[in-house]
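Any value given below was found using the heavy atoms of this structure, including those in side chains, with hydrogens, waters and symmetry copies removed. In this text the structure is predicted, and so the values were computed from the model without any measurement. The chains referred to below are lettered A, B, ... by the order of the sequence lines, with proteins before strands, and numbering in each begins at 1.
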Number of protein chains: 2
Amino acid sequence: MQTISPTPAATLLFRQQPRRHTDGVGHVPSAGTVRRYAKDEEIFGEGDRTAYYYKVVEGTVRTSKLLSDGRRQIGAFYLPGDLFGIEAGDEHRFSAEAVGEAKVVSYKRCGLEGLAANDNDFAVAIVEALMQALARAQDHMLLLGRKSAIEKIATFLLDISERLNEDSFELTMSRTDIADHLGLTIETVSRSLTQLERKGYIALPSTRRVELRDKPALAQLVG
Amino acid sequence: MQTISPTPAATLLFRQQPRRHTDGVGHVPSAGTVRRYAKDEEIFGEGDRTAYYYKVVEGTVRTSKLLSDGRRQIGAFYLPGDLFGIEAGDEHRFSAEAVGEAKVVSYKRCGLEGLAANDNDFAVAIVEALMQALARAQDHMLLLGRKSAIEKIATFLLDISERLNEDSFELTMSRTDIADHLGLTIETVSRSLTQLERKGYIALPSTRRVELRDKPALAQLVG
DNA sequence: CGGGCCGTTGACTCTTGTCAATCGCGGTGG
DNA sequence: CCACCGCGATTGACAAGAGTCAACGGCCCG
């Protein structure tokens with residue numbers, strides 16, 4: 001989700017119009033307001049009114065749902081350039097928080113009404129993000145429902161690596177966040193990582209840093 | 001997902017226009033072609049070009065993804081009135097098959113180009129379906145990642161019951177399909193069902209028929 | 001230097017998966 | 001019409017993968 005380019009599907013939903021400008025991470029109107037969020041600060045909560053759309057500028061954002069007893073599922077991590085918070089209904093069905101320090105732009109949803117008519121680009125970006133999110137969710141359901149712990153970790157690492165376009169990267173999220181994203185416990189995440197390291201597929205110079213050493217072997221593991 | 005009505009989110013993506021007509025299961029243009037599919041017949045496969053949108057008329061449709069070794073995840077079941085097959089990209093990222101005998105309408109995607117300008121309704125229905133699908137996927141990720149076998153089954157039964165608006169219903173899908181939807185094995189599905197029956201929460205007059213006897217108790221189980 | 005937090009590791013438990021036998025229903029053919 | 005066959009579902013015994021509980025380690029920050 002590094003760059004957002006129009007797909008046939010999204011394009012077809014709107015009248016054809018010349019695109020005006022793009023910025024490499026998806027076009028957005030200039031009307032957004034930027035805000036910094038502290039580590040673990042809530043951007044919106046489950047049940048909040050869906051008044052805005054958001055885009056990550058710096059840092060990482062997680063969206064999550066909770067069960068009544070506190071069990072948590074992190075639906076996705078959003079990296080710089082990613083849009084999030086687009087939903088059906090007038091209430092958010094999941095919450096979003098900053099993972100570490102993050103900078104986020106928000107766009108008033110009601111500002112869209114006129115936009116869709118005059119400035120197609122933002123509307124297209126929204127539908128784009130929606131379809132992207134759905135595609136990701138489909139993949140993630142396969143991971144959650146059918147993959148083993150090691151396969152989950154391998155898939156996760158390759159996914160991050162691909163989105164960052166780096167074979168060596170810093171994990172912005174804690175083991176707890178990874179566990180809640182992959183449907184595991186922190187202990188299993190930890191054990192799986194060391195297991196991959198022992199096999200020589202990855203290196204872990206520090207707890208948060210990951211280097212992919214054998215991508216083909218990892219790719220083998222994703223199924 | 002019995003009826004599709006516009007939500008603020010979808011409405012905002014398009015210019016306001018008087019709706020022309022609705023049919024109770026979501027407006028669709030008259031251009032669609034109906035087809036019958038036999039049990040397990042493929043409607044589209046992973047990798048197929050995304051040339052159409054589809055709507056279930058009769059029966060049930062499942063969408064699924066496979067791992068290379070055959071493990072399968074059923075993303076969702078679609079009941080009469082539900083739209084499916086809407087995706088980013090020009091290739092389907094999952095396949096769709098008929099569960100039992102099914103009747104399905106398909107709409108050419110390229111036919112939409114003009115429609116979005118003149119007839120907003122279908123475009124709105126598409127975005128609606130997209131957001132619905134995403135919301136469902138979010139819920140399902142929580143189920144797959146964080147719920148126990150019994151909780152999964154209870155959630156599944158309540159969901160079906162709600163969508164059919166019946167406390168007593170026929171399951172159109174096999175135990176294998178249920179297992180692949182909930183990230184379980186058929187044995188665990190079977191055991192969980194009998195466990196719920198023994199507790200008196202449900203009755204199983206025949207293998208495919210389910211009667212919900214204690215919905216509050218079941219609701220307790222969904223978290 | 002000390003405390004706290006996060007991560008790792010180990011020992012053990014338990015839920016769920018695996019393998020296998022049996023059941024039961026529905027269809028088919030004698 | 002009934003017996004047989006086959007497939008899907010259930011049940012049981014056992015195995016294994018992941019979770020739980022607990023101790024320890026390392027790192028950052030005061």
Side-chain angles (χ1 to χ4, degrees), chain A residues 38-40 62 67 69-73 99-101 143-157 170-199 202-210 221 223, chain B residues 38-40 60 62 67 69-74 99-101 143-157 170-199 202-210 221 223:
Chain A
K39 181 168 144 57
D40 295 325
R62 62 171 182 255
L67 291 176
D69 63 359
R71 278 174 288 176
R72 182 176 69 151
Q73 176 64 42
V99 175
E101 174 108 336
L143 176 145
L144 291 170
R146 288 295 177 224
K147 289 186 185 178
S148 69
I150 290 254
E151 292 170 338
K152 286 176 177 179
I153 296 288
T155 307
F156 175 69
L157 294 180
E170 205 77 28
L171 289 173
T172 50
M173 66 293 287
S174 69
R175 297 292 192 265
T176 303
D177 282 344
I178 298 173
D180 285 349
H181 182 48
L182 303 181
L184 299 170
T185 58
I186 52 169
E187 292 93 335
T188 302
V189 169
S190 187
R191 279 190 258 263
S192 303
L193 283 170
T194 33
Q195 206 172 325
L196 288 176
E197 188 180 31
R198 273 203 271 268
K199 286 187 175 185
I202 64 172
L204 301 164
S206 71
T207 48
R208 290 293 180 100
R209 182 143 207 99
V210 180
L221 280 179
Chain B
K39 178 166 146 57
D40 295 324
T60 307
R62 64 172 180 254
L67 290 176
D69 63 358
R71 279 175 287 176
R72 183 177 68 152
Q73 177 64 43
I74 294 180
V99 175
E101 176 107 335
L143 176 146
L144 291 170
R146 287 298 179 220
K147 291 186 184 179
S148 69
I150 290 255
E151 291 171 339
K152 286 176 177 179
I153 295 287
T155 307
F156 174 69
L157 294 179
E170 205 76 28
L171 289 173
T172 50
M173 66 294 287
S174 69
R175 296 292 190 265
T176 303
D177 282 345
I178 298 173
D180 285 348
H181 182 48
L182 303 180
L184 299 170
T185 58
I186 52 170
E187 291 93 335
T188 303
V189 169
S190 186
R191 279 190 257 266
S192 302
L193 283 169
T194 36
Q195 206 172 325
L196 288 176
E197 188 180 31
R198 273 203 272 269
K199 286 187 176 184
I202 64 172
L204 301 164
S206 71
T207 48
R208 290 293 181 100
R209 184 143 206 98
V210 180
L221 280 178

Nearest-Å distance, CZ (A/Arg175) to P (D/dG25)? 19 Å
Atom-pair distance (CG on B/Leu204; C1' on C/dG24), nearest Å: 15 Å
So which atom in B/Ser206 and which in B/Glu170 form the shortest heavy-atom distance, rounded to 0.1 Å? OG-OE2, 4.3 Å
I want to verify a distance call: between C/dG17, C/dT8, D/dT10, whose nearest atom is closest to the B/Thr207 side chain? D/dT10
Distance check: side-chain N/O of B/Ser174 vs OP1/OP2 of D/dG8, anything under 4.0 Å? no
Remember a base hit wins even if backbone is also touched, and classify A/Leu193 as base, sugar-phosphate or nothing at under 4.0 Å, heavy atoms. nothing
Between B/Arg175 and B/Thr207, does a side-chain contact (heavy atoms from CB on, under 4.5 Å) hold up when you go through it step by step? CA-CA 9 Å; B/Arg175 296 292 190 265; B/Thr207 48; 4.1 Å; yes
Roughly how many Å is it from CG in A/Leu182 to P in D/dG19, rounded to a whole number? 11 Å
What is the nucleic acid contact for B/Ser206, judged by heavy atoms within less than 4.0 Å: base, sugar-phosphate only, or nothing? nothing
Under 4.0 Å from OP1 or OP2 of D/dA18: is there any side-chain N or O of A/Thr185 that close? no
Verify, without hydrogens or angle tests, whether B/Arg62 (side chain) and B/His181 (backbone) share a donor-acceptor contact under 3.5 angstrom. no
Ordered by number, residues from residues 144-153 of chain A within less than 4.0 Å of DNA chain D (heavy atoms) are A/Ser148, A/Ala149
Between C/dT8, D/dA9, D/dT10, which one does the side chain of B/Arg208 approach most closely? D/dA9
Give a yes/no on whether any side-chain N or O of A/Thr194 is located under 4.0 angstrom from OP1 or OP2 of C/dT9. yes
Give the rounded distance in Å between these two atoms: CD of A/Gln195 and C1' of C/dG10. 15 Å
Gap between atoms CD and P, on A/Glu187 and C/dA11 respectively (whole Å): 15 Å
Of B/Arg198 and B/Lys39, whose closest DNA chain D nucleotide lies nearer the 5' terminus? B/Lys39
Without decimals, in angstroms, what is the distance between B/Leu184 CG and D/dA9 C1'? 15 Å
Looking only at side-chain N and O atoms, does A/Arg191 come under 4.0 Å of OP1 or OP2 in D/dG17? no
What is the distance, rounded to the nearest whole Å, between atom CG of A/Leu171 and atom P of C/dC6? 16 Å
Tell me: CD1 of B/Ile186 to P of D/dG12, nearest whole Å? 16 Å
Measure the shortest side-chain to side-chain distance between A/Leu193 and A/Leu157 over non-hydrogen atoms and say whether it is less than 4.5 angstrom. yes
Please tabulate, one pair per line, all N/O donor-acceptor pairs under 3.5 Å involving side-chain atoms of residues 146-154 of chain A, not counting sequence neighbours.
| unit_1 | atom_1 | unit_2 | atom_2 | d |
| --- | --- | --- | --- | --- |
| A/Arg146 | NE | B/Arg72 | O | 3.0 |
| A/Arg146 | NH1 | B/Leu184 | O | 3.3 |
| A/Arg146 | NH2 | B/Ala179 | O | 3.1 |
| A/Arg146 | NH2 | B/Asp180 | OD1 | 2.8 |
| A/Arg146 | NH2 | B/Leu184 | O | 2.6 |
| A/Lys147 | NZ | A/Thr155 | OG1 | 3.2 |
| A/Lys147 | NZ | A/Val222 | O | 3.0 |
| A/Ser148 | OG | A/Glu151 | N | 3.4 |
| A/Ser148 | OG | A/Glu151 | OE1 | 3.3 |
| A/Glu151 | OE1 | A/Ser148 | N | 2.9 |
| A/Glu151 | OE1 | B/Arg71 | NH1 | 2.8 |
| A/Glu151 | OE1 | B/Arg71 | NH2 | 3.4 |
| A/Glu151 | OE2 | B/Arg71 | NH2 | 2.9 |
| A/Lys152 | NZ | A/Leu182 | O | 3.0 |

So which atom in A/Ile178 and which in A/Met173 form the shortest heavy-atom distance, rounded to 0.1 Å? CG1-CG, 3.6 Å
Minimum heavy-atom distance A/Arg208-A/Thr172, with the two atoms named: NH1-O, 3.4 Å
